[in-house]
Amino acid sequence: MHILRAAHLGMCFGVRDAIALALEHADAGPLTILGDLVHNPTVLSALEAISIAVAQDVAHVKTPTLMVTAHGTSERTLARTRALGLTVVEATCPLVRVAHRAVAALAHDGYHVVIIGQRDHVEVRGLTGDLDRFDVVLDDADVLALEEHPRLGVAAQTTQAIEKVRHVVDLIRRRFPQSDMRFLDTVCKPTKDRQSAAVKMARQADVVIVVGGRSSNNTRELVSTCARYCARVHQVQTDADIRAEWFNAAKVVGLTAGTSTPDDVIDRVEARIRQVEAQIEAMPRSVAAVAEGL
Ligand code: SF4
């Protein structure tokens, strides 16, 4: 069984830097993070173990210092936080800031802003938090529900799959041919790299394992992208989720991971797959044939 790692996988620089900043500030004093720093249970329990608190709303913060995650937040939320006398540490990823600037430019130029993304995702709430009017769309049905505007300015959540974004942009264009529409591509490069590397890997694999948190948007996007090219795709959070029967008769096992998955979690998943392979090889030939479905 050959294990084929995608050329780009796992934690991006934005999440890595945000975790480093959280650890640095936690050393200096009590710290609360606004929302989940990353959508990965392994990282979150490590932060919890060193007493970093998490609050979903600034009103619930009990420490003097609050950290904004890599997903960013709106100027309105920042102002509210500062008005409460809290010190704010911003771990906002530079590529999320690019998306904020794109949205601000669209609104400034008189476009009705449409974000392609998940309505309740913390990044989308941050992108739309300073706007009085906007729409968030994710699929064809959402586009059909849009109202007409003379000027439509479209941007995307940074972790959406670019093919899906292009499809939605095209749909909006066709639905409102009379509108002046401007699209600013705000999907980040690490997401694009992981998506295209996943496609290349999934085309060659009999089974694909995607490592990442269940609530991680980019991990879910990797799962659905790989599923277009490989019929046997499984998402795992850790090595404990691996099931031996998934690898029946598999010759090539593809491996990829979301942008919030630490390297050691990916390594343990790979080690577990090798362990399963060794167990299959150690079986008597007749039993192995049954296990591999031959
Ligand atoms: S996924 Fe992209 S935008 Fe989000 S933290 Fe990573 S690099 Fe930044």
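Since this is a predicted model, take the numbers as computed values, not measurements. First listed ligand is number 1; within each ligand, the first listed atom is number 1.
When heavy-atom distances to ligand 1 are checked against a 4.0 Å cut-off, Asn218 has no atom that comes that close, whether in backbone or side chain.
Of the candidates Lys164, Gln195, Arg194, Lys164 is the only one forming a side chain to side chain donor-acceptor pair (under 3.5 Å) with Glu221.
Using a 4.0 Å cut-off between charged side-chain N and carboxylate O, Asp170 and Arg166 make no salt bridge. Comment: Asp132 engages Arg76 in a salt bridge, judged by a side-chain N to carboxylate O separation of less than 4.0 angstrom. A salt bridge links Asp267 and Arg5; the closest N-O separation between the charged side-chain nitrogens and carboxylate oxygens is under 4.0 Å. The pair Asp180-Arg151 meets the salt-bridge criterion, with a side-chain N (NZ, NE, NH1 or NH2) lying under 4.0 Å from an Asp/Glu carboxylate O.
Among protein heavy atoms, the minimum distance from atom 2 (Fe) of ligand 1 is reached at Cys188 SG, 2.3 Å. The protein atom (non-hydrogen) at minimum distance from atom 3 (S) of ligand 1 is Thr158 OG1, 3.5 Å.
Taking every non-hydrogen atom of Thr259 and a distance limit under 4.0 Å, the qualifying atoms of ligand 1 come out as 1 (S). Close contacts between ligand 1 and Thr159 involve ligand atoms 1 (S) [criterion: under 4.0 Å to a heavy atom]. Taking every heavy atom of Val96 and a limit of under 4.0 angstrom, the matching atoms of ligand 1 come to 3 (S).
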Kindly determine whether Ile19 and Met11 satisfy side-chain contact (heavy atoms from CB on, under 4.5 Å), including the steps that lead there.
CA-CA 11 Å; Ile19 293 171; Met11 200 170 272; 3.7 Å; yes
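Between the choices Ala99, Pro190, Ala18, the shortest heavy-atom distance to atom 7 (S) of ligand 1 belongs to Pro190. Taking only non-hydrogen atoms, the option from Cys93, Ala70, Gly72 nearest to atom 8 (Fe) of ligand 1 is Cys93.
Backbone or side-chain N, O or S atoms of Cys12 do not reach atom 2 (Fe) of ligand 1 at under 2.8 Å.
Using bins of under 30°, 30° to 60° and over 60° for the plane-to-plane angle, the ring pair His121/His71 lands in the perpendicular bin.
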